[in-house]
Amino acid sequence: MIPDTGPFSLDRTLSCGQVFRWEKRGAWWQGVIGREVIRMRQEDRILIFSGAREDTIRDYFQLELDLEEILQSIDRDPVIHGSLERCRGLRIIRQQPWECLASYICATYANIPGIRKKIALLSSSFGEPLTTGSQTAFSFPSADILASSDMCDLARCSLGYRSPYLCETASMITRNPGWAEKIAAASTPEARKELVLFRGVGPKVADCVLLFAFGRYDVFPVDIWITRIMQHWYSLPASAGSEEIAREGRSRFGRYAGYAQEYLFCDREFLMSGIFSRRPKKR
DNA sequence: CGCCAGGCGGGAC
DNA sequence: GTCCCGCATGGC
């Protein structure tokens, strides 16, 4: 148990679409970190958990980071202010590099329920069973396992055209086991260059990995929703490309631009409800 | 049913 | 460098 997490919403943090493997049953969230099957629930600022050491949980949610301070630093205009209110307590999780990279390769041009399904299938097909009392959970499959699996098997996980990308990247990772340390040691621009060398990894996936697995809170991943939000609420021209939007996000919100991005993304339904203008949307 | 999804690779200029 | 297109599958 962690008696005082500070400002924190377990629900928003686990359901906002940064991680895809947690499930809520009743009051309890169930999921896996590494090889540990974890159950958690929250009561006010108390976090109750089982299955892992407290260190693991504290690191996963980066509880030593002062959320109030971060949010204060990005609370720079009325739009983000509203999103900060509506998504209060969302924290950016520190994910494991390979799981994060693989997950976001699977996430390209898919919707969140679909992504969750792909990753669940991938885990139950290739992960290791982790038995815990009643039900069986699975570890996220290692790069080695995926690299040595027949691509036809991978394709059965509804990955579509992404399966060769995941397979090739898994193989690249297997041949380059020090990749994560190298990225962790590199500057953000250098790290980004390294990441886009992997198959299926473009600027957006690279930024998600930098933000969610390497703690580069200044990056600003741009997907279709962030594009719409920035165009509509921050009057960026419809012609603005992803790099331009990312630049604008970083300069507008500063060192924790990635946090701003997550709050806007989490709030996308509110921000875009009633915006019916069928915008070009396809570039 | 049609339209859309936390984009990317590849080719055309 | 920028633009444009196809993409395989499932959710809604």
Side-chain angles (χ1 to χ4, degrees), chain A residues 12-22 83 87 90 92-93 95 99-122 125 151-170 172 192-214 216-217 219-232 237-247 249 257-273 275-283:
Chain A
R12 289 199 183 93
T13 297
L14 293 180
S15 68
C16 72
Q18 55 177 328
V19 283
F20 305 101
R21 296 236 295 147
W22 290 91
S83 297
C87 302
L90 169 63
I92 291 182
I93 287 171
Q95 301 185 35
E99 176 168 348
C100 184
L101 175 61
S103 296
Y104 279 90
I105 288 174
C106 297
T108 61
Y109 200 47
N111 55 36
I112 289 176
I115 298 165
R116 297 177 57 84
K117 185 190 173 185
K118 292 179 210 312
I119 293 176
L121 271 172
L122 209 50
S125 305
M151 216 172 66
C152 301
D153 295 331
L154 236 75
R156 284 195 281 100
C157 299
S158 307
L159 297 185
Y161 58 87
R162 306 168 192 85
S163 42
Y165 300 158
L166 182 60
C167 195
E168 283 184 49
T169 290
M172 293 166 76
R192 200 169 190 250
K193 280 185 205 163
E194 290 289 322
L195 282 168
V196 297
L197 295 177
F198 292 119
R199 295 280 293 177
V201 178
K204 191 273 179 178
V205 170
D207 282 351
C208 283
V209 173
L210 288 170
L211 179 59
F212 297 134
F214 292 95
R216 308 297 171 98
Y217 298 114
V219 303
F220 194 84
V222 176
D223 72 335
I224 185 77
W225 290 103
I226 291 298
T227 299
R228 290 177 187 148
I229 290 167
M230 293 299 284
Q231 287 175 353
H232 183 80
S239 60
S242 300
E243 294 299 335
E244 185 181 345
I245 295 171
R247 218 171 23 250
Y259 253 95
Q261 188 271 8
E262 271 308 281
Y263 273 80
L264 293 172
F265 181 82
C266 180
D267 198 31
R268 63 195 179 281
E269 215 166 277
F270 178 89
L271 288 175
M272 291 291 105
S273 68
I275 311 300
F276 52 89
S277 68
R278 296 288 65 175
R279 75 191 61 263
K281 108 143 282 296
K282 290 281 191 178
R283 226 130 340 182

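Letters go in sequence order (proteins before strands), and every chain restarts at 1. Being a predicted model, the structure only gives us computed values, none of them experimental.
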Hey, does [X] reach any base, or is it just sugar-phosphate, or nothing, if we go heavy atoms under 4.0 Å?
{"X": "A:K118", "result": "nothing"}
{"X": "A:A107", "result": "sugar-phosphate"}
{"X": "A:E243", "result": "nothing"}
{"X": "A:I226", "result": "base"}
{"X": "A:Y104", "result": "base"}
{"X": "A:G17", "result": "base"}

Value rounded to 0.5 Å, distance of [atom1] in [X] from [atom2] in [Y]:
{"X": "A:Y109", "Y": "A:I224", "atom1": "OH", "atom2": "CD1", "answer": "8.5 Å"}
{"X": "A:C16", "Y": "A:Y263", "atom1": "SG", "atom2": "OH", "answer": "9.0 Å"}
{"X": "A:I105", "Y": "A:F198", "atom1": "CD1", "atom2": "CZ", "answer": "8.0 Å"}

- Query: Under 4.0 Å: is that the gap between some side-chain N or O of A:R199 and OP1 or OP2 of B:dG10?
  - Reply: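 Answer is yes, contact under 4.0 Å.
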- Kindly say if A:T108 contacts the phosphate of B:dC8, meaning a side-chain N or O under 4.0 Å from OP1 or OP2.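 For A:T108, the contact criterion (side-chain N or O under 4.0 Å from OP1 or OP2 of B:dC8) is not met.
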- Item | N/O donor-acceptor pair, side chain A:Y161 with base B:dG7, under 3.5 angstrom |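 For A:Y161, whose side chain was compared with the base of B:dG7, there is a donor-acceptor pair (under 3.5 Å).
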- Can you find a pair of side-chain heavy atoms, one from A:F212 and one from A:I92, that are under 4.5 Å apart?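 Answer yes - side chains close enough.
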- Does the side chain of A:I112 come within less than 4.5 Å of A:R116's, by heavy atoms?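 In contact.
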- Task: Nearest-nucleotide wise, let me know which of A:R162 and A:G200 is further upstream toward the 5' end of DNA chain B.
- Result: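 Residue closer to the 5' terminus by nearest nucleotide: A:R162.
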- Between A:D223 and A:V201, who's closer to the 5' end of DNA chain B by nearest nucleotide?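 This one resolves to A:D223.
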- Task: In whole angstrom, give the distance that lies between atom CZ of A:R192 and atom P of B:dG7.
- Result: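 After rounding, the gap between these two atoms is 15 Å.
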Using the [atom1] atoms only, state how far [M] lies from [N], rounded to an integer number of Å.
{"N": "B:dA5", "M": "C:dG6", "atom1": "C1'", "answer": "15 Å"}
{"N": "B:dG11", "M": "C:dA8", "atom1": "P", "answer": "15 Å"}
{"N": "C:dC5", "M": "B:dG6", "atom1": "P", "answer": "22 Å"}

- Item | Options B:dG9, B:dG7, B:dG6, nucleotide nearest the side-chain atoms of A:F20 |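 Ranking B:dG9, B:dG7, B:dG6 by closest atom to the A:F20 side chain puts B:dG6 first.
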- Is the aromatic ring centre of A:F265 closer than 5.5 Å to the centre of the six-membered base ring of B:dG6, with the two planes inclined by less than 30°?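 Here A:F265 meets both the 5.5 Å and the 30° conditions.
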